[in-house]
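Down below is the structure, laid out as structure tokens.
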Amino acid sequence: MGKSMKWIENGIEMLSEEFGEKAVRNAIDAVKKFQVEIPGWALGTFGGGRFGGYIYPGAARNIEEKLDDAAFIFKLTGVTKRFATHMLWDFSVDGMVANYNIAQRVAREAKDRGIELGAVNPTYFLAGSHMGSFTSPDKNTQQRYIEQTILAGKIAKELCNGIVTLWFPDGSMYPGQVDLKKTYQRLKNCLVKSYENMPKDILILIEYKVFEPGTYSTTIPDWGTSFALAKQLGPNAGVLVDLGHHHHGTNIEQIVMTLISENMAGGFHFNTRYAADDDHAVEPNQQMARIFYELVKGNVVVNKDEKKNWAYMIDQCGGRENRIQALLHSVDSLQLSLAKAMLVNSKKLEQYQDADEIILANRLFNDAIINADARPIVAKARIEMNVPVDPIEAYIESGYQKKIEKERK
Ligand code: PSV
Ligand code: MN
């Protein structure tokens, strides 16, 4: 951002004039309160893809280095204390079985660096899962994943923040390849078996994805399926919305509103979607701000009663960019989106809605969601939090990138 104090103060003044001092103050406070998790997998070599498996220079080579990077990101943002883990990437020696002792050591290492472990992701998609994980016709494979899921629950409760997030790669490439009903039922049975043996005071969020790796079908393709499964499990289960897992043009904010209206527990994997599951960093686009508006209205973000808040995580790992910068960029984009959502005058909006003033309602909404420049709000919040006003600039100036490039040859 590289903005002067004068620019920030002028900006706050202009915004206060348009949206009111109170709304601007509430927006600053919301930005200070909003916490979001960093995905451990963004800070390594996963997701290199083509281009000779290109990975940004200085990428972490092991869990300790990932934690170092996450701790540095936290130092710059002040809002990303938690680090999400994947069972078979972070707590396993062979990529087949996860180990509680490793998780214990990783939790200790995180604490030593001033951060904490967040959501635990059972890993259903490495070796041995090509015919499915919970949907595999092989009972031993199913059992291996059930045990991993139960262990994830124990780790979440004892070493992390009590949240387990489930994403299944299960599905098929061609019509007729699998029996759709049988696979769904296998997944449901394994899920129920796992849930019954997991601690009762944790939260299990079920992620959906419209395709990939399944091209013809995925076993949990949409929020409705996640919703049905979560309902079947019980009150400790909910739906995880990953922005990249929808068809083009899906009205995600409406999904969010429905989940909130139905009192379903929820969580987010934030990213930007251009093509399919492209894992791009979050951008401060209109959709993001509209989603935040529903979260704000639904009182599931920055609620004083922490239990009411949804779980907020970033899920990205773009193949070309510097991922530390990209994560800082995502945090910035989320804060800007939240700030814009906080500026919407919902009382006035409701009046326009009731009076059927379609265009006036749309213009009022967009004045905050699209037209407002929320950067002074985010800058002010950072000043009050005692973190750099521009985290990316601070990152570049810190010399951290040069250091890791040298050390991690
Ligand atoms: C799958 O595409 C996903 O969104 C799930 O959340 C996984 O846990 C994550 O990406 C990493 O593969
Ligand atoms: Mn995800």
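Only heavy atoms go into these numbers, but all of them, side chains included; no hydrogens, no water, no symmetry mates. Atoms within each ligand, like the ligands themselves, are counted from 1 in listed order.
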Below 4.0 angstrom from a heavy atom of [X], which ligand 1 atoms are there? Numbered from 1 as shown, please.
X: Asp277; result: 2 (O)
X: His245; result: 1 (C), 2 (O), 3 (C), 4 (O)
X: His269; result: 6 (O)
X: Asp242; result: 4 (O)
X: Asn121; result: 8 (O)

Test applied, side-chain contact (heavy atoms from CB on, under 4.5 Å); reference residue, His246; option that passes from Asn251, Ile255, Val210, Asp277: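 When side-chain contact (heavy atoms from CB on, under 4.5 Å) is applied between His246 and each of Asn251, Ile255, Val210, Asp277, only Ile255 qualifies.
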Cation-pi geometry met for Lys200 and Tyr195 (6.0 Å, 45°):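 Yes - Lys200 lies over the ring of Tyr195, closer than 6.0 Å to its centre and within 45° of its axis.
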The Mn ion (ligand 2): angle it makes with OD2 (Asp315) and ND1 (His269), nearest 10 degrees: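 That angle works out to 90° after rounding to 10°.
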Pair Phe211 + Tyr216: ring centers closer than 6.0 Å: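 That pair fails the under 6.0 Å test.
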Tyr352-Asn362 side chain donor-acceptor pair, cut-off 3.5 Å: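 No - no donor-acceptor pair under 3.5 Å links their side chains.
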Distance-only side-chain donor-acceptor flag, Arg290 / Gln286, under 3.5 Å: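 Yes, a side-chain donor-acceptor pair sits under 3.5 Å.
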Test of proximity, Trp89 against ligand 1: N or O pairs below 3.5 Å: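 Checking ligand 1 against Trp89, no N or O pair falls under 3.5 Å apart.
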N or O contact, Glu207 vs ligand 1, cut-off under 3.5 Å: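 Looking only at distances, the answer is yes, because the N/O contact criterion of under 3.5 Å is met.
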Considering only protein heavy atoms, which is closest to [atom], and at what distance to one decimal place?
atom: atom 3 (C) of ligand 1; result: Asp315 OD2, 3.4 Å
atom: atom 12 (O) of ligand 1; result: Phe125 CZ, 3.8 Å
atom: atom 11 (C) of ligand 1; result: Trp41 NE1, 3.7 Å
atom: atom 8 (O) of ligand 1; result: His86 NE2, 2.8 Å

Given Tyr124, Phe125, Tyr208, the one that forms ring-ring contact (aromatic ring centres under 6.0 Å, His included) with Trp167: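 Output: one option passes, namely Phe125.
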Metal proximity, Asp242 vs the Mn ion (ligand 2), N/O/S cut-off 2.8 Å: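 Checking Asp242: at least one N, O or S atom is under 2.8 Å.
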Aromatic ring pairing Phe134/Phe168, orientation class (parallel under 30°, perpendicular over 60°, tilted between):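 If you compare the ring of Phe134 with that of Phe168, the planes turn out tilted.
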Under-4.0 Å salt bridge between Arg25 and Glu21: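 So Arg25 does not pair with Glu21 through a salt bridge.
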Lys/Arg N to Asp/Glu carboxylate O, Lys209 vs Glu212, below 4.0 Å: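 Salt bridge flag = yes for Glu212 with Lys209.
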Atom of Glu207 nearest the Mn ion (ligand 2) (restricted to N/O/S, atom name only):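 Considering only N, O and S atoms, Glu207 comes nearest to the Mn ion (ligand 2) through OE2.
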